[in-house]
Amino acid sequence: MFSLLFFFFYLFRLHLLIPGQNDLLNAAMPLSDHLTFNVFRYNMAMEVTQVLLNAQSIDGNVRKHAEESLKQFQEQNLSSFLLSLSSELANDEKSVDSRKLGGLILKNALDAKEQHRKLELVQRWLSLANNVKSQIKACLLKTLSSPVADARSTASQVIAKIAGIELPHKQWPELIGSLLSNIHQLPGHVRQATLETLGYLCEEVSSDVVDQDQVNKILTAVVQGMNASEGNNDVRLAATRALYNALGFAQANFTNDMERDYIMRVICEATLCPEVKIRQAAFECLVSISSSYYEKLAPYIQDIFSITAKAVREDEEPVALQAIEFWSSICDEEIDILEEYGGDFTGDSDIPCFYFIKQALPALVPMLLETLLKQEEDQDQDEGAWNIAMAGGTCLGLVARTVGDDIVPLVMPFIEENITKPDWRQREAATYAFGSILEGPSPDKLIPIVNVALNFMLSALTKDPNNHVKDTTAWTLGRIFEFLHGSTMDAPIITQANCQQIITVLLQSMKDASNVAEKACGALYFLAQGYEEVGPSSPLTPYFQEIVQALLTVTHREDAGESRLRTAAYETLNEVVRCSTDETAPMVLQLVPVIMMELHNTLEGQKLSSDEREKQSELQGLLCGCLQVIIQKLGSSEPTKYVFMQYADQIMGLFLRIFACRSAAMHEEAMLAIGSLAYAMGLDFAKYMLEFYKYLEMGLQNFEEYQVCAVTVGVVGDICRALEDKILPYCDGIMTQLLKDLSSSQLHRSVKPPIFSCFGDIALAIGENFEKYLMYAMPMLQSAADLSAHTAGADDEMTEYANSLRNGILEAYSGILQGFKNSPKTQLLIPYAPHILQFLDSIYMEKDMDDVVMKTAIGVLGDLADTLGSNAGSLIQQSLSSKDFLNECLSSEDHMIKESAEWAKLAISRAISV
Ligand SMILES: *[C@@H]1O[C@H](CO)[C@@H](O)[C@H](O)[C@H]1NC(C)=O
Ligand SMILES: *[C@@H]1O[C@H](CO)[C@@H](O)[C@H](O)[C@H]1NC(C)=O
Ligand SMILES: *[C@@H]1O[C@H](CO)[C@@H](O)[C@H](O)[C@H]1NC(C)=O
Ligand SMILES: *[C@@H]1O[C@H](CO)[C@@H](O)[C@H](O)[C@H]1NC(C)=O
């Protein structure tokens with residue numbers, strides 16, 4: 001468990017980011033258990049300024065001591081601790097630094113990132129004495145009129161946090177009124193701080209806890225603050241940023257034409273303000289409106305186009321980027337709508353498509369093409385760089401996905417004219433434009449063009465003198481292979497005739513600068529992927545050896561570790577292996593000792609620096625990932641599996657060594673590779689269990705790194721399928737750990753569904769031996785089932801999670817039912833049948849299950865009938881599931897659901913007839 005203070009500083013580093021101070025607090029040390037309790041026991045309140053200053057000292061010892069003192073003070077008397085922090089913040093005679101830190105510690109005492117911690121803090125605040133809370137709140141409100149900007153801003157954030165806790169409990173009812181009364185008469189800096197507070201408040205609380213009258217007043221105050229005649233830029237900026245957060249509160253106003261017109265006019269005016277930050281904030285509002293109020297935009301879109309076009313062409317980068325983002329966001333909306341309804345809105349679609357992009361196309365495309373020419377000199381070297389050219393290209397790609405074929409004639413002249421120009425910027429922009437429009441338009445439209453362009457691209461990739469042009473050319477080739485590979489088409493782009501040339505060029509480019517080499521690997525990746533399931537013979541077969549060799553060479557380049565190059569090379573190698581055919585299996589087999597040797601080498605060097613250790617662990621991950629793909633490939637067909645098994649002992653030995661030398665941090669990739677090995681080996685894997693078991697258990701215990709835990713749970717499933725009842729001796733340990741995980745409040749929720757599925761895997765493997773776990777597993781399944789069944793009012797994310805939970809639970813039931821089939825102990829399950837049926841009925845009635853859940857659910861109904869037979873016949877007959885639900889599944893268009901339902905119907909009829 002974190003110590004509280006450490007927690008403060010941890011959060012402080014993560015979120016609050018005060019320039020120049022991070023480094024100091026970065027060094028925040030773990031606090032020793034031995035506290036010098038005596039010194040600060042008395043008079044802490046008077047000392048608090050000094051302690052807060054000391055907590056920011058450059059001297060590590062002073063800092064550590066101060067942190068300990070703060071911690072003690074808080075433990076000694078929380079009310080008085082928080083009171084002194086708030087009065088520190090409110091006191092204009094104190095230094096800015098102590099005030100700010102005081103405020104931030106106060107803020108962190110109210111909110112935390114982790115959910116369980118956050119709930120704790122909320123409860124703690126609510127249980128403080130009322131007079132303490134009102135004193136703190138009074139200090140905070142007073143701070144809003146401080147002449148010191150940092151103090152005001154800190155107070156704004158703390159007030160919003162308290163509002164976030166109290167307003168939903170109908171506490172602090174006078175807050176909004178008293179903020180609003182600040183708005184009119186007071187000096188500018190108070191209005192600024194008040195608007196900032198209202199903005200944070202809208203971010204913290206949901207609109208339904210504020211009554212409509214107050215919502216109106218907040219919006220009015222905010223919009224008035226944005227008025228150009230306001231004169232004070234700080235106020236205008238605070239108001240514009242507040243509006244961004246308040247837009248979610250403006251639903252009612254956005255349905256009223258006059259009020260919406262007014263809000264839109266004020267925002268559009270603010271996009272023309274002389275102050276760049278205000279313009280940026282105003283465009284951010286437009287971006288947000290483009291997704292929240294898409295259906296209301298028609299009357300304004302023409303004006304918005306003019307405003308954004310001007311900003312894209314003339315304004316400073318942060319503003320221009322937001323202006324481009326507006327159109328990207330409109331594309332996202334229209335792509336979603338068109339995907340969901342396929343352009344047919346006669347049905348019950350919520351929001352029609354207004355085809356804004358299609359209408360703006362003749363003006364939008366030239367505007368975006370211009371942005372492509374604004375490249376930066378070193379953009380390809382700087383990972384994560386973002387600039388106008390990239391934003392413009394991304395937007396162009398989205399436009400292509402939105403309108404399809406219509407974009408092609410608008411972009412082609414630009415490409416044709418500029419791709420041969422002497423200026424690299426023109427060549428690069430033309431290539432980027434081409435690469436960007438490859439997803440969206442139909443193959444019929446693109447293929448003739450690509451057929452002409454391909455040769456040009458290949459020669460540019462070898463001959464162009466400019467690094468950026470080559471980078472973008474390799475990327476564009478990758479996009480061609482990704483979207484237009486066409487190995488199944490009548491007239492494929494890649495033919496016997498040009499395949500050799502393509503491969504030669506790509507392999508050659510892998511020796512180019514690292515950014516170009518990385519993109520060339522990417523292109524090869526999609527080239528290989530296009531030949532997945534091509535049949536017994538792949539056109540890549542003649543080049544397989546050469547490709548593998550070239551990729552291995554890339555992984556050994558001096559500069560491979562600095563960029564993403566090494567990772568790209570291994571990802572491509574994996575794809576090449578994954579998509580290879582039986583013809584090349586002997587060559588894949590030859591790769592095994594090579595990769596094993598590489599892995600072996602990573603285990604040799606001792607005494608590494610922490611930086612080197614991180615690099616080493618990354619490399620081990622890549623190598624384990626590669627072995628996993630090889631194991632899956634060779635393990636999937638009998639002849640190669642047989643030969644491959646000669647390496648199994650050695651491979652397993654390497655994996656165990658990786659675990660052994662990295663005892664604390666488990667290795668996900670090694671775990672996954674072991675899962676594949678178990679799956680390929682079947683019963684033979686049992687010989688490794690004795691040694692491997694302890695790492696398996698460590699993985700299951702590691703719920704702090706929840707991905708490790710989730711991956712390990714999946715591997716338990718693989719092992720169950722491999723070992724069947726030979727896994728029995730390990731089941732007590734595994735089940736104990738899984739049950740412990742489920743009872744922990746700290747388990748990441750995404751791990752729960754796989755744990756439940758894992759119950760099913762275990763039960764299937766050990767059959768009626770699962771008996772002794774029933775009394776533990778069943779109640780957990782039941783309570784999770786109750787939770788997941790009712791989702792009324794949940795948002796999309798919650799519904800998605802509920803469905804994954806339901807699926808896990810259903811897989812558990814299915815595994816248990818099937819495991820007990822034909823056993824004399826079947827009757828042990830009868831008491832659970834009513835609840836299972838009830839669960840099925842209630843998810844049916846909730847009407848929000850996805851297809852996967854539907855299939856598993858109707859399967860469980862069948863399992864129930866199949867395993868329990870006449871014992872459950874009449875119960876099943878009474879359930880909703882056996883009628884309406886079953887009928888719905890029987891008429892499903894999804895053949896998996898239908899098949900499952902037909903089987904269930906048969907099982908039920910047998911159960912009834914007995
Ligand atoms: C904590 O501090 C408050 C305010 O200073 C005081 O009223 C209260 O008695 C203190 N509680 C304890 C347990 O010392
Ligand atoms: C801004 O305020 C001025 C003076 O109060 C008013 O005349 C004007 O109509 C306002 N502008 C907007 C867009 O509301
Ligand atoms: C929002 O709507 C309310 C109620 O119709 C109105 O009083 C308020 O002035 C509107 N606010 C804005 C900014 O249009
Ligand atoms: C080629 O690029 C230039 C900018 O460098 C641009 O002015 C011109 O319009 C482009 N050609 C076409 C046909 O779009």
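Order of appearance sets the numbers: ligands from 1, and atoms from 1 within every ligand.
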ask   = Side chain, backbone, both or neither: which part of Leu373 comes within less than 4.0 Å of ligand 4 when only heavy atoms are counted?
value = side chain
key: Nearest protein heavy atom under 4.0 Å from atom 11 (N) of ligand 1, yes or no   = yes
ask   = Does Asp464 pair with Lys470 as a salt bridge, N-O distance under 4.0 Å?
value = no
request  = Would you mind checking which non-hydrogen protein atom is closest to atom 1 (C) of ligand 1, with the distance to 0.1 Å?
outcome  = Asn77 ND2, 1.4 Å
ask   = Taking NZ, NE, NH1 and NH2 as the nitrogens, is one of them in Asp150 or Arg99 under 4.0 Å from a carboxylate oxygen of the other?
value = no
ask   = Cut-off 3.5 Å, side chains only: do Glu88 and Ser98 have a donor facing an acceptor?
value = yes
request  = Say whether Ser290 and Glu333, considering side chains only, have a donor N or O and an acceptor N or O under 3.5 Å apart.
outcome  = no
ask   = Short check: is a protein heavy atom less than 4.0 Å from atom 5 (O) of ligand 1?
value = yes
ask   = Quick one: does atom 14 (O) of ligand 4 have a protein heavy atom under 4.0 Å from it?
value = yes
message = Can you see whether Trp424 engages Gln375 through a side-chain donor-acceptor pair at a distance of less than 3.5 angstrom?
response = no
request  = For Gln280 and Glu284, test the side chains for any donor-to-acceptor distance below 3.5 angstrom and give the result as yes or no.
outcome  = yes
message = Just to be sure I'm reading this right: ignoring hydrogens, which of Val365, Asn418, Asp423 gets closest to atom 2 (O) of ligand 4? Compare them by their nearest heavy atoms.
response = Asn418
remark   = If we number the atoms of ligand 4 from 1 as shown, the ones under 4.0 Å from a heavy atom of Glu417 are 11 (N), 12 (C), 13 (C)
